[in-house]
Amino acid sequence: MSPRAVLLFDIDGVIRDVGGSYRRAIVETVHHFSGQRPDASAIDSLKSEGCWNNDWEASLELLRRSGHSPLPAFETLVDVFGCFYFGGDPEGDSGLWQGFIGSEPLLVESDFFAALTRANVAWGFVSGAEPPSCRYVLETRLGLREPPLVAMGQAPDKPDPTGLLRLASQLAGAALDQASPPIAYLGDTVADVLTVQRARHQCPAARFLSLAVAPPHLQTPEAIELRAAYEARLIEAGADVVLPCTRALEPEALVRWLSAPSPPAP
């Protein structure tokens, strides 16, 4: 039976809170080389440009913009970043990791995906994170069995829609066209929104919905103005719906949005 809809997720900031892990690794990597620690707003501003989804490249760009010279070799930066984030061999036993990855709060539980399955919504993940990191949160932490996943190195970096289109077609069970089930993607960055915009351009006959959510570090009473500005940038980039949090996404509401003649108002 064909799914009623296909729902794809980013992972960082959507499935797990990476404020104390990936984002902290950016800060500490920049500090390692320059002695300066960028604040959260500097990272948010960079991410809002829509082309810095890769955190290694984001770290290097922050060093560049701070005037640090000479810039480290990219491979050296990747190694330093990995030491902070994994704190061990990424391909080794995750039980031996000592890095920031061990401090990632989950933003959903496994029953969230069980509800989607019961509603006949096919789901999967398109992430810019390394495969071991993705598998750790999805399989080890959430207990999902062989979750459909496109991770770093398995498709071009977002906002290139190649990974999204490939996994959506796989889950739909056919090429994407006007007969395909509608497709939604939930992310927390401008790059995620732009990925959907480019998917629409490449597959104009298929129906896409861009769902967005502000990252957890902006979901506090103290950050209400920063969150509003961040969400405004997501809408400006083309987000159809901005959710208060990932858990607020209900299967039946998703199907209604996707079945509407035009995208719902944000």
Side-chain angles (χ1 to χ4, degrees), residues 2-16 18 50 53 107-108 110 112-129 131 133-135 137-139 142 144-177 180-203 205-213 215 234 237-243 245-259 263-264:
S2 298
R4 298 167 70 193
V6 172
L7 175 57
L8 301 177
F9 297 89
D10 184 24
I11 293 178
D12 300 341
V14 174
I15 303 301
R16 61 180 171 189
V18 295
N53 194 62
L107 302 176
V108 294
S110 58
F112 177 85
F113 301 101
L116 292 171
T117 299
R118 288 194 299 271
N120 193 24
V121 174
W123 46 267
F125 305 89
V126 180
S127 172
S133 173
C134 294
R135 290 193 297 268
V137 66
L138 298 178
E139 299 177 6
L142 282 169
L144 304 178
R145 291 190 59 188
E146 300 182 352
L149 169 67
V150 174
M152 177 188 286
Q154 298 171 347
D157 289 346
K158 295 176 289 184
D160 186 304
T162 300
L164 184 149
L165 293 172
R166 186 172 73 218
L167 189 54
S169 177
Q170 175 186 322
L171 292 173
L176 301 180
D177 55 28
S180 303
I183 301 149
Y185 182 54
L186 174 58
D188 72 323
T189 67
V190 168
D192 294 325
V193 176
L194 294 178
T195 301
V196 177
Q197 300 300 319
R198 296 185 183 185
R200 284 175 174 150
H201 180 74
Q202 290 195 24
C203 295
R207 179 166 174 76
F208 294 91
L209 187 73
S210 175
L211 305 176
V213 63
L234 294 172
D240 297 308
V241 179
V242 175
L243 298 166
C245 63
T246 303
R247 287 190 180 95
L249 180 58
E250 298 179 354
E252 293 306 319
L254 171 69
V255 172
R256 286 198 304 273
W257 292 336
L258 288 166
S259 301

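Fair warning: this is a prediction, and the values are worked out from it, not measured in the lab.
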I'd like to know whether CD of Gln202 has more than 12 heavy-atom contacts from other residues, nucleotides or ligands below 6.0 angstrom. yes
Under a plain distance cut-off of 3.5 Å, with no hydrogens placed, do Thr189 and Asp192 share a side-chain donor-acceptor pair? yes
Taken to the nearest 0.5 Å, the spacing of Phe125 CZ from Leu138 CG works out to 4.5 Å
Tightest non-hydrogen contact, residues Cys203 and Leu176, listed as SG-CB, 4.4 Å
For the side chain of Asp240 and the backbone of Ser210, is there at least one donor-acceptor N/O pair under 3.5 Å apart? yes
Check Ala122 against Leu171 and note the closest heavy-atom contact, atom names and distance. CB-CB, 4.1 Å
So, taking the atom named CG in Leu211 and the one named CZ in Phe9, what distance separates them when rounded to the nearest 0.5 Å? 8.5 Å
Please find the pair of heavy atoms, one from Val193 and one from Ala212, that lie closest to each other, and give the distance. CG2-CB, 4.4 Å
Do Leu149 and Ile11 make a side-chain contact, defined as non-hydrogen atoms from C-beta onward lying under 4.5 Å apart? yes
Indicate the atoms forming the closest heavy-atom contact of Asp12 with Val18, along with that distance. OD1-CG1, 3.6 Å
Begin from the C-alpha positions of Leu7 and Leu249 and carry the test side chain to side chain contact (heavy atoms under 4.5 Å, CB included) through to its verdict. CA-CA 11 Å; Leu7 175 57; Leu249 180 58; 3.5 Å; yes
Can you check whether Pro181's main-chain N or O pairs, donor with acceptor, with Arg4's side chain at less than 3.5 Å? no
To the nearest 0.5 Å, how far apart are CG in Leu164 and CD1 in Ile183? 7.0 Å
Say you draw a straight line from OH of Tyr185 to CG of Leu8; how long is it, rounded to the nearest 0.5 Å? 7.5 Å
Counting only N and O atoms by type, is there a donor-acceptor contact under 3.5 Å from the side chain of Ser169 to the main-chain atoms of Leu165? no
Mind checking whether Ser133 and Arg16 have side chains closer than 4.5 Å, heavy atoms only? yes
SG of Cys245 to CG of Asp188, rounded to nearest 0.5 Å, is 13.0 Å
Testing the basics here: between Val126 and Lys158, what is the closest heavy-atom pair and its distance to 0.1 Å? O-NZ, 3.4 Å
Determine, step by step, whether Val14 and Leu107 satisfy the side chain to side chain contact (heavy atoms under 4.5 Å, CB included) criterion, reporting the C-alpha distance in whole Å, the side-chain angles of both residues, the deciding distance to 0.1 Å, and the verdict. CA-CA 7 Å; Val14 174; Leu107 302 176; 5.6 Å; no
If I take atom CZ from residue Arg145 and atom OG from residue Ser110, how far apart are they, to the nearest 0.5 angstrom? 13.5 Å
If you look at every heavy atom in Ala184 and Leu254, which pair is closest and at what distance? CB-CD1, 3.8 Å
Would you say that Phe113 contacts Leu142 through its side chain, given a criterion of any heavy-atom pair below 4.5 Å between the two side chains? yes
